[in-house]
Amino acid sequence: MSYRSSDSVRDQWVFYGLLGLLCWIPLPLGSNRTFAAGIVIVWAVLLLGGALFAWRNHAAAMAERLRPLRWPIVLLGLFVLIPWIQIFPWPAGVIGALSPEALAVWDGVGPPRFTLDPYQTQFFAALSFAYWAVFVVALLTIRSHRRLDLLALVIVGSGVFQAIIGALLFSFGAKYTLFFSDLIHDRVKGLFVYHNHMAGYMELCLSVGIGLMLARLGDDSSGSRHWRSRMRGAIDFMLSPKMLLRLMLVIMVIALVLTRSRMGNGGFFAALIVVGLLYIVLSRKTAPKAVALIASLIIIDVVVIGTWVGLEKVVSRVQETSMTIEGEGREESVELRLDAARHAMDMVQDFPVLGTGAGSFYGTYLRYRTPREGYFDHAHNDYVEIAADFGLPGLGLLGAFVALTLAAGVRVLVKRRSSLPRGIAFGSLMAMVALIIHSWVDFNLQIPANALTLVVIMAMAWCAGALPSGGGQGRRRPSE
């Protein structure tokens, strides 16, 4: 692809709007409220409109830019199309053929639809479109090393802000009501309602931060073995921006540990080890530095768990098999969460093709749950909930999109030699693997802040592979 063809596109203001959205979206309770998600939808549509306006005189260049990226755009677009199909009032024969249970529910009630909750599905149709719009905007605007580096820094900075705010509120034992939600900071939650969602957000930001740190380490060309040179290099590192980035990673690791999220910590370190080993195998020059960085992160977390939190607390939380009371609130055990997922599988069996409707889980689950104290508003398993809401084809489309992006990240590690694309690919792969693991017992993908941030991080993997080869890292282009 000729990158000069897109140099004249003045879309830097759209790129900065994308950065602003990433900073904003976790602030109002992870945007997991209708008004906050509505802001995200409007913001995303404006970004897409702005990008199209900026590229209006460069249709050929835009087609050239997006042609190699068409498959992820199409797969995510087809997934986003499903809610619009669900809310459309199809003929009864069509609905009866594809979803007899949905036709039975609507019989005598109103015009039949595939969704059992049209209003929620309409809203989620718009929100899903917002994710797709932001993905396309990211692919269009992230065309240089500078922009990719800046985007990664903004994600890391947002994570550090959440970590510091969460630690302060936790240290004060803060209790307050915000947007009609009673918030009790009995552990680090940042500005999220649920500690597991804060853990998911930390996984994403930490993954990008570690990738950025690996990119910075790759920039260090000092290969002298003389002790004076090594000492000078150590001092330079202590005074360099790399040290600041390293401290930011430590802050987020501490915050992740203090969320006391079992699968959040487990998913993060499993992803760190798996993707770290892959990176080391596919690296030559930076392999020793990568080993040192990954080992230091693991050691720091073990020390923090053992000294600040206590290993016995983590072990006891893993062994819990019943609902517990913590901080005057209820927390479901892993066993109860799996129970909710098992019941949700009955929904998948009854509505396998197009699901019960995007966003309809809360109301539909009433038909399937086992009577007990308390109520699940989510399946606590993203895979089951997506299958229940979107149908098995929807889960397959999303899985294909993720698998294709994982392959794109690995391809960058195999083919590229420059440090920034490889570091970003590492961060993207680690973020995806961490949430793939975490999603078995939680619902991070139902939270706009985590879902949209993950979509942008996945776009970064594709953008890293599409960057121009050579020393473009420090050169400012006209579009900057």
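- With no hydrogens or angles considered, a side-chain donor-acceptor pair links Ser439 and Asp382 at under 3.5 Å.
- Under the 3.5 Å distance criterion, the side-chain polar atoms of Glu385 are matched with a main-chain donor or acceptor of Ala379.
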side-chain contact (heavy atoms from CB on, under 4.5 Å) between His195 and Arg260, worked out: CA-CA 8 Å; His195 64 279; Arg260 297 180 189 169; 5.6 Å; no
Trace of the side-chain contact (heavy atoms from CB on, under 4.5 Å) decision for Lys175 with Ile184: CA-CA 5 Å; Lys175 298 180 182 180; Ile184 303 170; 4.1 Å; yes
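- Geometrically, Arg147 engages Phe15 in a cation-pi contact defined by less than 6.0 Å to the ring centre and at most 45° from the axis.
- The main-chain N or O of Leu116 is never found under 3.5 Å from a side-chain atom of Trp106 such that the two would form a donor-acceptor pair.
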side-chain contact (heavy atoms from CB on, under 4.5 Å) evaluation trace for Val402 with Met458: CA-CA 8 Å; Val402 173; Met458 294 173 75; 3.9 Å; yes
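- Other residues, nucleotides and ligands place more than 12 heavy atoms under 6.0 Å from the OH atom of Tyr383.
- Checked against Phe401 for a ring pair (Phe, Tyr, Trp, His ring centres under 6.0 Å), the options Phe135, Trp132, Trp462 give a single hit: Phe135.
- Closest approach of Val160 to Met252, counting heavy atoms only: N-SD, 3.8 Å.
- Contact record, Ile82 with Gly394: CD1-CA, 3.4 Å, taken as the closest heavy-atom pair.
- When side chains are defined from C-beta on, Leu48 counts as touching Phe129, because their heavy atoms get closer than 4.5 Å.
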Intermediate values then yes/no, side-chain contact (heavy atoms from CB on, under 4.5 Å), Leu151 and Leu19: CA-CA 7 Å; Leu151 176 60; Leu19 299 184; 3.5 Å; yes
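- Between Ala215 and Leu420, the shortest heavy-atom contact is CB-CA, 3.8 Å.
- Between Phe79 and Tyr131, a ring centre-to-centre spacing not shorter than 6.0 Å is recorded.
- For the atom pair CG (Leu206) and CG (Leu272), the distance works out to 9.5 Å, reported to the nearest 0.5 Å.
- Using cut-offs of 30° and 60° for the angle between ring planes, the Phe443 and Tyr194 rings count as parallel.
- Distance alone, capped at 3.5 Å, places no donor-acceptor pair between the Trp24 side chain and the Ser31 backbone.
- Atom-to-atom distance recorded for Ser128:OG and Phe390:CZ is 4.5 Å, nearest 0.5 angstrom.
- With a 4.5 Å cut-off on side-chain heavy atoms, Leu406 and Met432 count as touching.
- Rounding to the nearest 0.5 Å gives a distance of 5.0 Å between CZ of Phe123 and OG1 of Thr34.
- Contact check for Arg422 versus Leu214: no side-chain heavy atoms found under the 4.5 Å cut-off.
- Without hydrogens or angle criteria, Asp117 side chain to Gly359 main chain gives no donor-acceptor distance under 3.5 Å.
- To the nearest 0.5 Å, atom NE2 of residue His58 and atom CZ of residue Arg10 are 9.5 Å apart.
- Phe179 places none of its side-chain heavy atoms less than 4.5 Å from the side chain of Val193.
- Side chain of Arg56 to main chain of Phe53: a donor-acceptor pair is present (N/O by atom type, distance under 3.5 Å, no hydrogens or angles).
- Closest non-hydrogen pair, Ala341 versus Val384, comes out as O-CG1, 3.6 Å.
- Judged by distance alone, with hydrogens and angles left aside, the side-chain atoms of Ser158 form no donor-acceptor pair with the main-chain N or O of Ile155 at under 3.5 Å.
- Judged purely by atom type and a 3.5 angstrom limit, Gln86 uses its side chain to pair as donor or acceptor with the backbone of Asp389.
- Put simply, the side chain of Val275 does not reach to within 4.5 Å of the side chain of Ile210, judged on heavy atoms.
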Residues His438, Phe268; criterion ring pair (Phe, Tyr, Trp, His ring centres under 6.0 Å); working and verdict: CA-CA 8 Å; His438 197 172; Phe268 170 75; over 10 Å; no
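- Contact detail for Ile142 and Arg65: the closest heavy-atom pair is O-NH2, 2.8 Å.
- Looking only at side-chain heavy atoms (C-beta outward), Phe114 and Val353 stay at 4.5 Å or farther from each other.
- Between Trp440 and Asn381 the shortest side-chain heavy-atom distance falls below 4.5 Å.
- Annotation: the span from Ile95 atom CD1 to Asp107 atom CG amounts to 11.5 Å, rounded to 0.5 Å.
- In summary, of the residues considered (Val274, Ile457, Val410, Val412), a side-chain contact (heavy atoms from CB on, under 4.5 Å) with Leu429 occurs for Val410 alone.
- Between Thr405 and Ala461, the shortest heavy-atom distance links the atoms CG2-CB, 4.2 Å.
- Residues Met202 and Val188 fail the side-chain proximity criterion, which asks for heavy atoms closer than 4.5 Å.
- In this structure, CG on Asp442 lies 4.0 Å from CG on Asn196, to the nearest 0.5 angstrom.
- For the residue pair Arg113 / Thr121, no side-chain donor-acceptor distance below 3.5 Å is found, with atom types taken as modelled.
- The backbone N or O of Leu256 lies less than 3.5 Å from a partner atom in the side chain of Thr259, making a donor-acceptor pair.
- With sequence neighbours excluded, the residues satisfying side chain to side chain contact (heavy atoms under 4.5 Å, CB included) with Ser207 are Met430, Ala431.
- Ring pair His378/Tyr365: centre-to-centre distance not below 6.0 Å.
- Side-chain atoms of Trp90 come within 3.5 Å of backbone N or O of Ile85 as a donor-acceptor pair.
- Distance alone, capped at 3.5 Å, places no donor-acceptor pair between the Gln122 side chain and the Ile87 backbone.
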